[in-house]
Amino acid sequence: MKILVFGAGGQVGRETCRAAWPSRYVIACPDRKTIDITRSAAVSEILRRERPDLVINLAAFTSVDRAESEPHAAWAANCAGAAHIAAACDETAAALIHLSTDYVFNGRKSGPYEEKDKVDPLGVYGRSKEAGERAVRAALAHHVILRTAWVFGASGTNFVKTMLQLDGERRVLRVVADQRGTPTAAADIAAALIAIAEAIERGEAVWGTYHFAGDTPISWHGFAGAIFELAAPRHRSRPEVVPITTDQYPTPARRPINSVLDCRRIGKTFGIAPSPWRASLAAVLRELLDGPVQR
Ligand SMILES: NC(=O)c1ccc[n+]([C@@H]2O[C@H](COP(=O)([O-])OP(=O)(O)OC[C@H]3O[C@@H](n4cnc5c(N)ncnc54)[C@H](OP(=O)(O)O)[C@@H]3O)[C@@H](O)[C@H]2O)c1
């Protein structure tokens, strides 16, 4: 089975391209310079040339705040890019796994979000991703849309790396305590992608939209505490982490207060359990603080 990955240079992309895929799979991971998903002709050309059985789209404009001032760039990658990929998959009879986000929801629900819950994004990033989901559904029957949340890993820009970096600069960190979500390791998303690809290969895939995220909901403040607790044996200092409210930390984009995703459907269909984010965080911290692990 041949798999083509878009967004190979991002946090999930890097983990996906270095993950332990079964040896019978051929994984093509073109970089951003080779393929710009906003260019429809380029997307269709690479699919016609590579003839993958499965495409995994991890490419996206993910800067939530910058999307507010650069909406055209966000829509070009997150909506038009997704539409180009889905159309090219349809043309070449490839299946597609497309990554999406908790930010399609407004966060006002009191419990975890199920796949069937009403979408109502709060900002440009969420709106462009939600439109990308609709474009995929409209163009291609053989798709899996995988919504995830609060992604962290050893590469790219994410909350874990920001906390460790700020720790070197400040003794007190003020972190938002009234937004709740489920941190998800990029490597665990890669493992989920392998399990879904195997189900597709066996002809057992149930096409549609799924949630996959970490197992235990927490606030950003709680997550920061866990980062410093697990990093403590190796890290130079442990800052004081002070809880604040969202109102005390204004940002260009509004964020959902509740980002918790209900992951039961992916469990029932593909046998994939929510990822144990504390164990995965410990592994990421080992890699960040002690150097890369041997794989
Ligand atoms: N990060 C999160 O917390 C989070 C949460 C929920 C869902 N997600 C979703 O998960 C997926 C992966 O996210 P991530 O955290 O791995 O994102 P990321 O680290 O920002 O990586 C995205 C990758 O896409 C590339 N890209 C952007 N525009 C492109 C274009 N026009 N053509 C080709 N490549 C392009 C980027 O290249 P450059 O770096 O050169 O721009 C980058 O390598 C995305 O669909 C995202 O929406 C992420």
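For clarity, every value in this text was computed on a predicted model and none was experimentally measured. All ligand and atom numbering here is 1-based and tracks the order in the structure.
- Side-chain contact of Gln248 with Thr245: a donor-acceptor pair under 3.5 Å is present, judged by distance alone.
- Closest approach of Thr184 to Ala213, counting heavy atoms only: OG1-CA, 3.3 Å.
- Ranking protein heavy atoms by distance to atom 12 (C) of ligand 1, first place goes to Leu58 O, 3.5 Å.
- Of the protein's heavy atoms, Asp36 OD1, 2.9 Å lies nearest to atom 31 (N) of ligand 1.
- Here atom 40 (O) of ligand 1 lies nearest to Arg32 when heavy atoms of Arg147, Lys129, Arg32, Arg39 are compared.
- At least one side-chain heavy atom of Lys109 sits less than 4.5 Å from a side-chain heavy atom of Asp117.
- In this structure, of Ala149, Gly10, Ala60, the residue bringing a heavy atom nearest to atom 27 (C) of ligand 1 is Ala60.
- With hydrogens left out, the protein atom closest to atom 8 (N) of ligand 1 is Tyr125 OH, 3.8 Å, a heavy atom.
- Partners of Trp21 according to the ring-ring contact (aromatic ring centres under 6.0 Å, His included) rule, which considers only residues two or more places apart in sequence or in another chain, are Tyr25.
- Using a cut-off of 4.0 Å between Lys/Arg side-chain N and Asp/Glu carboxylate O, Arg24 and Glu198 are scored as salt-bridged.
- Of all protein heavy atoms, the one lying nearest to atom 11 (C) of ligand 1 is Leu99 CB, 3.7 Å.
- Protein heavy atom in closest approach to atom 6 (C) of ligand 1: Thr148 O, 3.2 Å.
- Annotation: Thr62 places an N or O atom under 3.5 Å from an N or O atom of ligand 1; distance criterion only.
- For Ile35, every heavy-atom contact with ligand 1 shorter than 4.0 Å involves the backbone, none the side chain.
- For the residue pair Gln179/Thr246, the side-chain donor-acceptor check at 3.5 Å is satisfied.
- Proximity to Ala59 (heavy-atom distance under 4.0 Å) selects the following atoms of ligand 1: 24 (O), 34 (N), 35 (C).
- The shortest heavy-atom distance from Phe6 to ligand 1 is not under 4.0 Å.
- Of the protein's non-hydrogen atoms, Gln11 NE2, 3.1 Å is the one closest to atom 15 (O) of ligand 1.
- In terms of polar-atom proximity, defined here as any N/O pair under 3.5 Å, Gly7 makes no such contact with ligand 1.
- Residues satisfying the disulfide (SG to SG under 2.5 Å) criterion with Cys29, sequence neighbours excluded, are Cys17.
- Ligand 1 places these atoms under 4.0 Å from at least one heavy atom of Thr38: 31 (N).
- What sits closest to atom 4 (C) of ligand 1 on the protein, heavy atoms only, is Val151 CG2, 3.4 Å.
- Electrostatic pairing of Arg14 and Glu287 does not count as a salt bridge here, judged by no charged N lying under 4.0 Å from a carboxylate O.
- Checking Phe223, Trp150, Phe152 one by one against Trp277, the ring-ring contact (aromatic ring centres under 6.0 Å, His included) holds for a single residue, Phe223.
- Residue-to-ligand polar distances place Ile37 within reach of ligand 1: an N/O pair is separated by less than 3.5 Å.
- Ligand 1 has Ser100 within reach: a non-hydrogen atom of the residue lies less than 4.0 Å from it.
- Counting heavy atoms from C-beta outward, Thr209 and Arg137 have side chains that approach closer than 4.5 Å.
- The single protein non-hydrogen atom nearest to atom 16 (O) of ligand 1 is Val12 N, 2.9 Å, given as residue, atom name and distance.
- Residues Thr269 and Arg265 bring no donor and acceptor atom of their side chains to less than 3.5 Å of each other.
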